[in-house]
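By convention in this document, chain letters (A, B, ...) are assigned in the order of the sequence lines, proteins followed by strands, and residues within each chain are numbered from 1. A quick note: this is a predicted structure, and the numbers were derived from the prediction, not measured.
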Amino acid sequence: MITATGVRKAYGDLTVLDGIDLHVPAGSIFALLGPNGAGKTTTVQILSTLIGADAGEIRVAGHDPATEPDAVRAAIGVTGQFAAVDGLLTGRENLVLMADLHHLGRARGRRRADELLEQFDLTEAAAKQASTYSGGMRRRLDIAMGLVGTPRLVFLDEPTAGLDPRSRQMMWGTVRRLVADGVTIFLTTQYLEEADQLADRVAVLHGGRLVAEGRPDELKRLVPGGHVTLRFADGPALRAAAVALGATDVDSAQLSLQVPGDGSVRSLRAMLAALDGAGAEVETLTVHTPDLDDVFLALTAKEPAR
Amino acid sequence: MSTLTLTVRDSGTMLRRNLRHLQRYPAMIFYLAGMPVIFLLLFVFVFGGTLGAGLGGGRAEYLAYVVPGILLMTIGGAAAGTAVSVATDMTEGIVARFRTMAIARAAVLTGHVLGSVIQTFVSLVIVLGVALAVGYRPTPDPVAWLGILAVLAMTSFAVTWLATALGLVAKTVEEASNTPLLLTLLPFIGSGFVPTGSMPAGLRQFAERQPFTPIMETLRALLTGAPVGHHIWWATAWCAAIALGGYLWARRRYNAR
């Protein structure tokens, strides 16, 4: 659905994208992950025909955004940071406006608007002006507006930024439903959990370059495995445990130690048995499995995270 | 569908959007019509006796003299409203959404311009209504009324395109509301409030040649049933130039964003 090679974009001396390659198969969710200022929004703007790239080969839905922008526009729906709703219009009027711009015709356009209001739980607020909506409602309307023309490819630029946890969960549900209907999703986010939850493939953008790309589990394998942190009531217990487990990573001040391990029930059971044998009473136990945060920090920091 | 049909259709959709804005925020019209109404009352009732004597008559004669200037001031004031609504639209990001859709490029701006011309006409009707209420009695025949309508339409159209460009150029909404205010001053430095003959040389030359003067002279002639003379050609030429310049400037700024 999207292929891009060697995409570059600079504003004067400031290089925003320094040659990135993307491949997003139809029907998948692709997450572009990166900190603020990494170039995520610029990438979306280029792919959605808002701005031109300085260099690179790009095909979106089979067309070049630079030479056939209208063909690309006919296939996509865009929402997120730079897309918006018309605050003076009601929720329904916003959707009908989109339907009219897609030339759906009066009856069909109104039907589509009602469908989307229903789907995004906005039916009750349909007759209220969008400026009175809460952040979550506004975002839902925003996404619904991007879907009026039943696009095959949807760009979601930080769709859950600033949303409360409940709204975020709803948004994730929406994204999953869209993909179930065969829509391709290009998502940007700075939340690793979001990419982990939703995406088939994740690319990490840092300083205008893609520093990693792959399935979430592949990326997690890029960083060293997990560990278990044990905390004790006093020094003798800590020392006894350190001997029993052969632990080298001991923090006497915190009365805690870390041992490598994947946190499986079998390994924990063996560990606790060894501690019981040594008479070391454990206060608390924390299992840390590598998540995309570790990958992210490892890839975007100069020194490895751990 | 051909490109033209699509442009007309999308422009119609955008016009409906702008008219709905107007409907949601009717205070804007009263705000825009308020200033010229205040100037009308101020100039007629405070200065009108003295200024009318200068024209060889009285308050009633001055009222008849000042109406075209007030009408142009109304158009200039409405331009500030246009620039603000264009600038607001650009900051709100909905325009970015429009740009990612396969809609006629010109539709967004055309919708704004047509909506603003309608808004300007509502203001003009209010201002003219107040003038009639305080005793203004114009004497045009039906043909002259059509001419007045045409002159007001072409002036609003031209000034609105210019205001649209100013709204696009402005970096902030505040800036967009300030720049067009200069347009409301133009009737003063022209034949809007006093004949240019009484002004000192340098100022007079500017006042006689600036675009609003021939427009006001044409309106004045049509409203009193006098011949319009060469003023109408100057008025038409200025309006065409301002409309074209404003359109090209606005289009360039819109495409560059």
Report task. Flag yes if more than 12 heavy atoms outside B:Gln23 fall under 6.0 Å of its CD atom; otherwise flag no. Result -> yes
All heavy atoms of A:Leu101 vs all of B:Ile103, minimum pair found to be O-CG2, 3.5 Å
Under 4.5 Å to a heavy atom of chain B? For A:Ser131 that would be neither
Note to self: Quick check on B:Phe30: does its CZ atom have over 12 non-hydrogen neighbours (other residues, nucleotides or ligands) under 6.0 Å away?
What the structure shows: no
Heavy atoms of B:Ala102 and A:Ala74 approach each other most closely as CB-N, 4.2 Å
Value for NE2 (B:His21) from CG (A:Leu89), rounded to nearest 0.5 Å, stands at 4.5 Å
Worksheet entry | Test item: B:Arg97 side-chain N/O and A:Val78 main-chain N/O as donor-acceptor pair under 3.5 Å | yes
I'd like a table of donor-acceptor pairs (distance under 3.5 Å, sequence neighbours excluded) in which one partner is a side-chain atom from residues 171-180 of chain A, with atom names and distances.
residue	atom	partner	partner atom	Å
A:Trp172	NE1	A:Glu194	OE1	2.9
A:Thr174	OG1	A:Met170	O	3.0
A:Arg176	NH2	A:Gln197	OE1	2.9

In terms of heavy-atom contacts, A:Val85 and B:Ile94 come closest through C-CD1, 3.7 Å
Chain B shares the most heavy-atom pairs under 4.5 Å, among A:Thr49, A:Leu88, A:Val96, A:Leu97, with A:Leu88
Here the gap from A:Asp70 atom CG to B:Met101 atom CE, rounded to the nearest 0.5 Å, amounts to 11.5 Å
* Residue A:Gln119 excluded, over 12 heavy atoms near CD under 6.0 Å -> yes
>> Quick one, A:Glu93 with B:Arg24, criterion salt bridge (Lys or Arg N to Asp or Glu O under 4.0 Å). Give me CA distance, side-chain angles, the key distance, then yes/no.
In response: CA-CA 12 Å; A:Glu93 285 167 349; B:Arg24 291 285 141 77; 2.8 Å; yes
Worksheet entry | Ionic contact status for B:Arg9 with A:Asp100, cut-off 4.0 Å | no
Residues pairing under ring-ring contact (aromatic ring centres under 6.0 Å, His included) where one sits in residues 36-67 of chain A, two or more places apart or in two chains, turn out to be none
Interatomic distance, OH@B:Tyr25 vs CD@A:Gln129, rounded to 0.5 Å, equals 12.0 Å
